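All remarks here apply to the structure that follows.
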Amino acid sequence: MRLILRSALFLPLCAAVALASGCATSPSATGGQEPAPPAEVVEGSGMVLDQGDGAELCLGPVAESFPPQCRGIPLDGWSWDEAVPENSSGDVRWGMYAVQGRYDGETLTVTTDATPLALYDPEPFPWPAGTGTAEEAELSRIGEEALGRYGDAFLSAGSRDGRLEVVVVWDDGTWQRQADAEYGDGVVVVTSALRPMREG
């Protein structure tokens with residue numbers, strides 16, 4: 001199965017015709033319950049991009065241009081005085097960082113100085129043991145559905161070990177339970193790009 005990615009500019013699926021056709025572009029439009037924002041501090045890693053109007057943490061695709069382009073989570077409390085940009089072009093500054101903060105569902109409020117990814121040793125994301133049994137055609141179909149199902153929270157989807165991994169900005173287990181109920185246990189693995197910060 002091909003890897004399905006959200007647009008690097010985070011354009012919602014069928015945004016151009018949403019008003020005319022009623023096409024769903026957010027999880028709430030699907031009728032399903034959305035994850036609650038995390039109560040604890042979370043961390044995420046990716047490109048921090050500031051195009052002159054505030055820094056954003058891009059957890060998904062980044063357009064390969066110069067300077068790069070992406071749209072991500074707005075960062076409240078981000079300071080380039082504490083995190084020197086790795087690159088700059090005019091008013092645009094960017095770099096790869098691990099960022100910790102409190103996420104309210106829209107904005108990540110930075111609580112600790114960011115760590116350059118070159119100095120960051122992330123723990124692997126958890127993955128079920130064994131091999132899934134779903135057919136590739138079924139995983140492809142579910143992956144195409146995921147692009148619209150999770151709205152702006154969707155980052156990517158791709159098959160792995162006979163399962164479909166769907167990466168979203170944040171899930172507290174709500175979307176995983178919904179996927180298990182709809183497709184069966186172990187068919188879809190919902191991975192949260194933001195996760196509770198490690199202790200120590």
Side-chain angles (χ1 to χ4, degrees), residues 1-15 23-47 57-64 70-73 96 98-100 103 105 108 117 120-199:
M1 162 185 173
R2 66 184 179 88
L3 181 65
I4 300 172
L5 300 172
R6 167 168 294 285
S7 164
L9 298 182
F10 263 40
L11 294 176
L13 184 68
C14 22
C23 177
T25 59
S26 68
S28 59
T30 68
Q33 182 182 0
E34 296 182 47
E40 65 271 69
V41 174
V42 294
E43 62 182 352
S45 58
M47 176 176 288
L57 174 61
C58 300
L59 299 168
V62 176
E64 295 181 356
C70 66
R71 288 185 59 194
I73 303 171
M96 303 296 292
V99 183
Q100 297 82 38
Y103 181 60
L108 186 67
L117 282 191
Y120 181 63
D121 183 22
E123 293 181 352
F125 287 98
W127 188 256
T131 302
T133 58
E135 297 290 335
E136 192 69 22
E138 176 70 0
L139 297 180
S140 294
R141 181 186 66 80
I142 298 172
E144 295 291 347
E145 291 177 356
L147 184 60
R149 178 183 297 268
Y150 301 108
D152 287 350
F154 176 85
L155 297 176
S156 67
S159 59
R160 174 182 170 191
D161 297 336
R163 301 179 176 91
L164 180 75
E165 181 178 33
V166 176
V167 183
V168 296
V169 173
W170 165 254
D171 182 34
D172 63 355
T174 298
W175 282 335
Q176 182 64 71
R177 290 188 293 272
Q178 291 175 5
D180 290 343
E182 181 168 353
Y183 302 115
D185 292 348
V187 175
V188 176
V189 178
V190 180
T191 297
S192 178
L194 294 177
R195 51 184 173 173
M197 192 169 66
R198 293 180 293 176
E199 296 183 358

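Numbers here are sequence positions counted from 1. Computed from a prediction, not measured in an experiment: that's the story for all the values here.
The two residues Ser159 and Leu139 have their closest heavy-atom pair at CB-CD1, 3.8 Å. Closest approach of Asp161 and Gly130 over heavy atoms only: CB-O, 4.5 Å. In terms of heavy-atom proximity, Trp170 sits nearest to Pro196 at CZ3-CD, 4.3 Å. Heavy-atom minimum distance, Leu117 versus Ala98: CD2-N, 3.6 Å. When all heavy atoms of Cys58 and Gly72 are compared, the pair lying nearest together is SG-N, 4.0 Å. Shown here for Val187 and Ala134, the closest heavy-atom pair between the two residues is CG1-CB, 4.3 Å.
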>> Checking Leu59 against Val167 for the side-chain contact (heavy atoms from CB on, under 4.5 Å) test, could you report, in this order, the C-alpha distance in whole Å, the side-chain angles of both residues, the deciding distance, and whether it holds?
In response: CA-CA 10 Å; Leu59 299 168; Val167 183; over 6 Å; no
> Can Val169 and Leu155 be said to form a side-chain contact (heavy atoms from CB on, under 4.5 Å), step by step?
Replying inline: CA-CA 7 Å; Val169 173; Leu155 297 176; 4.1 Å; yes
>> Before you tell me yes or no, could you show the steps for Leu194 and Ile73 under side-chain contact (heavy atoms from CB on, under 4.5 Å), namely the whole-Å CA-CA distance, both residues' side-chain angles and the distance that decides it to 0.1 Å?
In response: CA-CA 11 Å; Leu194 294 177; Ile73 303 171; 4.0 Å; yes
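With sequence neighbours excluded, the residues forming a side chain to side chain donor-acceptor pair (under 3.5 Å) with Gln176 are Asp180, listed by chain and number. For Arg177, there are no salt bridge (Lys or Arg N to Asp or Glu O under 4.0 Å) partners two or more places apart in sequence or in a different chain.
Under a 4.0 Å N-O distance rule, the pair Glu144/Arg141 does not qualify as a salt bridge.
The shortest side-chain heavy-atom distance between Asp171 and Tyr150 does not fall under the 4.5 Å cut-off. The side-chain heavy atoms of Arg195 and Phe125, taken from C-beta on, include a pair separated by under 4.5 Å.
Tyr183 pairs in a side chain to side chain donor-acceptor pair (under 3.5 Å) with only one of the listed residues (Gln178, Glu145, Glu138, Arg163), which is Glu145.
Put simply, CG on Leu164 and OG on Ser140 are 8.5 Å apart, with the number rounded to the nearest 0.5 Å.
Remark: the backbone N or O of Thr191 is not paired with any side-chain donor or acceptor of Trp175 at under 3.5 angstrom.
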